[in-house]
Amino acid sequence: MTTAAIVTTVVMSLVFIGGLWFCFSQMGKGGKWED
Amino acid sequence: MAEVTRERWGSRYFFLFAAMGSAIGLGNVWRFPYLTYEYGGGAFLIAWIIGLIIMGIPWMMMEFGMGRYFQRGAPGVFEGIGKKWEWLGWWPGWVAFLIVTYYTVVIAWSLRYAVSAASVAWGTGEAGATGAGSYFFGTILNLSSGPSALGGLQWPIVGALAFVWVALFFIMFKGAGVIGKVAVWTVTIPWALLVVLLIRGVTLPGAVDGLNYYLAPDFSQLSNVDLWFGAFSQIAFTLSLGMAGMFAYGSFIAKKADVTNNAFITSFSNCATSFFAGFAVFSIVGFIMQALSVPVEGVSASGLGLAFVTYPVAISMMPAMAALTGIIFFICLFFLGIDSAFFLTYGGVISPLMDKFGWSRAKVTAVVCVIAFAVGLIFTTGGGLYWLDIVDRTVSFYGLLITGALACIVVGWVYGAGKLREHINGTSDFRVGAWFDWLIKIVVPAGLLFVVIRGGFMNDIPDAYGGYQIGALNGSHIIWIILAVTLGFSFWLQAAKTKTLKGGE
């Protein structure tokens, strides 16, 4: 793969992994989930 | 009037999987990767992420939040805002109903192909590569000359379609509790299969060339309006919003539970899946480029062409594990589609009908499944592909975008975006600021209307859509008629008496 394609892959992976990590780290800080 | 005890998901993870399953569908595989390649790889991804943040996530928060507040599906939500707005909940319900009538036919094709792939029925080697197109359009569809020439039903597809609807009935007739548990499997199985397909794809010769086309950024495209149109349209279509179902899914959340974080997780997971699927798709595109010595422009990398012609071509040319790869690919498509199908049917149609008329779930589910199957038969005829194209353009483009924009305007300006924000912030894992109000009131509807005007009206008003002619009517006329009729039916449903109590606080 070209360097540009690799950089795109790494950046997007960081965006998604970082975003989801933040979201899951916040789980349970709001209202109580009632089943 | 009877008080309704609202059904619940049973677990937050069941809800998340159900919402992710509804969003993650066939478009993640056959639309997103192609758009990324078409509009400058990494440059497109920038616009796509911006679209996700300023349009997709706020829109999803709105649908989840309003559903949770009123504890009702879309029509109940808009009835709660004001009786005169109830039609705005039914119209996207019609959109969902019509989408699922042809979406299930595409799922049926996938099942049919999973069987065909076991013997690579379209042929192997060069013969298969040249015969894949005629196998799909001839053997499978028996495609006629146009929408006026329906021809006969294609019975293998009818059988597969019946199987799909029976499966959907058994998934849906016990409600959200079972839907959530099924969604855990219908989301994780295609994820696992995409990993297998990715590994198979990147180990094929030429795969790297395809990935470079997929990802290489061309930042000069950022000044191209078409790039922004493509990015915003993809966000509008990929999250399964504007189809009524997310209101209902949100209504199955208890009033003290999170909205914002669930919307972020659902949206990010959906988009991450799209990005990942692009590797599986474009590694195959690169393989075909090398195997057949054709340029990237010569490989159909989107839509039905990708799924039912290009991928079979690749299977024909594979040096090993061709049949197995084909079976895995088409089973993956089946699972990608099935959870979107029960989302559309249950969230968009069945739950609102139960809310409105107080009918039993099993009865409504059975009736809706039978009617949707019957309507879907038109798409299993020789002229079915043309009708699928027209109806898809009508509901999945115009219907979704117009009803989505109107819903945001009514919620933002009539109900009050600030009121919705306070309600959401009251229980969510993290809070959103006043910027949310302006996104719902202005940015989201403007973005949706931008797509519908630029991609729709500017093309279909001066020129007949698809060049179709059915008697005295052309393709565009059919589109306007279907939109008008579904709008009329929405007002008719609004006029009917509501037999269950309103939700809300």
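Reminder, nothing fancy here: chain letters follow the sequence lines and each chain counts from 1. It should be emphasised that the depicted structure is a prediction, and the values quoted were computed from it without experimental measurement.
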Worked verdict on Met12(A) versus Trp48(B) for side chain to side chain contact (heavy atoms under 4.5 Å, CB included): CA-CA 11 Å; Met12(A) 290 306 295; Trp48(B) 179 63; 3.8 Å; yes

Trace of the side chain to side chain contact (heavy atoms under 4.5 Å, CB included) decision for Val202(B) with Met1(A): CA-CA 11 Å; Val202(B) 297; Met1(A) 285 170 71; over 6 Å; no

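Thr8(A) and Pro217(B) get closest at one heavy-atom pair: OG1-CD, 3.8 Å. The two residues Phe268(B) and Leu20(A) have their closest heavy-atom pair at CB-CD2, 3.7 Å. Across Cys23(A) and Asn261(B), no two heavy atoms sit closer than the pair O-ND2, 2.8 Å.
Residue Leu16(B) touches chain A through its side chain alone, counting heavy-atom pairs closer than 4.5 Å. Of the atoms belonging to Thr9(A), heavy atoms from both backbone and side chain fall under 4.5 Å from chain B. With a 4.5 Å cut-off on non-hydrogen atoms, Phe14(B) does not touch chain A at all. Of the two parts of Ser269(B), the backbone and the side chain both hold a non-hydrogen atom closer than 4.5 Å to a non-hydrogen atom of chain A. Heavy-atom distances place no part of Asn425(B) under 4.5 Å from chain A, backbone and side chain included.
Among Leu215(B), Asp209(B), Asn212(B), the single residue meeting the side chain to side chain contact (heavy atoms under 4.5 Å, CB included) criterion with Thr2(A) is Asn212(B).
Per-residue heavy-atom pair counts under 4.5 Å with chain A were compared for Val208(B), Ile49(B), Ile265(B), and the maximum is reached by Ile265(B). Heavy-atom pairs under 4.5 Å with chain A were tallied for Ala272(B), Ser428(B), Ala216(B), Gly41(B); the largest tally goes to Ala272(B).
Below 30°, between 30° and 60°, or above 60°: for Tyr13(B) and Phe24(A) the angle between ring planes is below 30°, a parallel geometry.
Of the possible polar contacts, none joining the Asp258(B) side chain to the Gly30(A) backbone as a donor-acceptor pair under 3.5 Å is found.
Around CZ of Phe276(B), the count of heavy atoms belonging to other residues, nucleotides or ligands within 6.0 Å exceeds 12.
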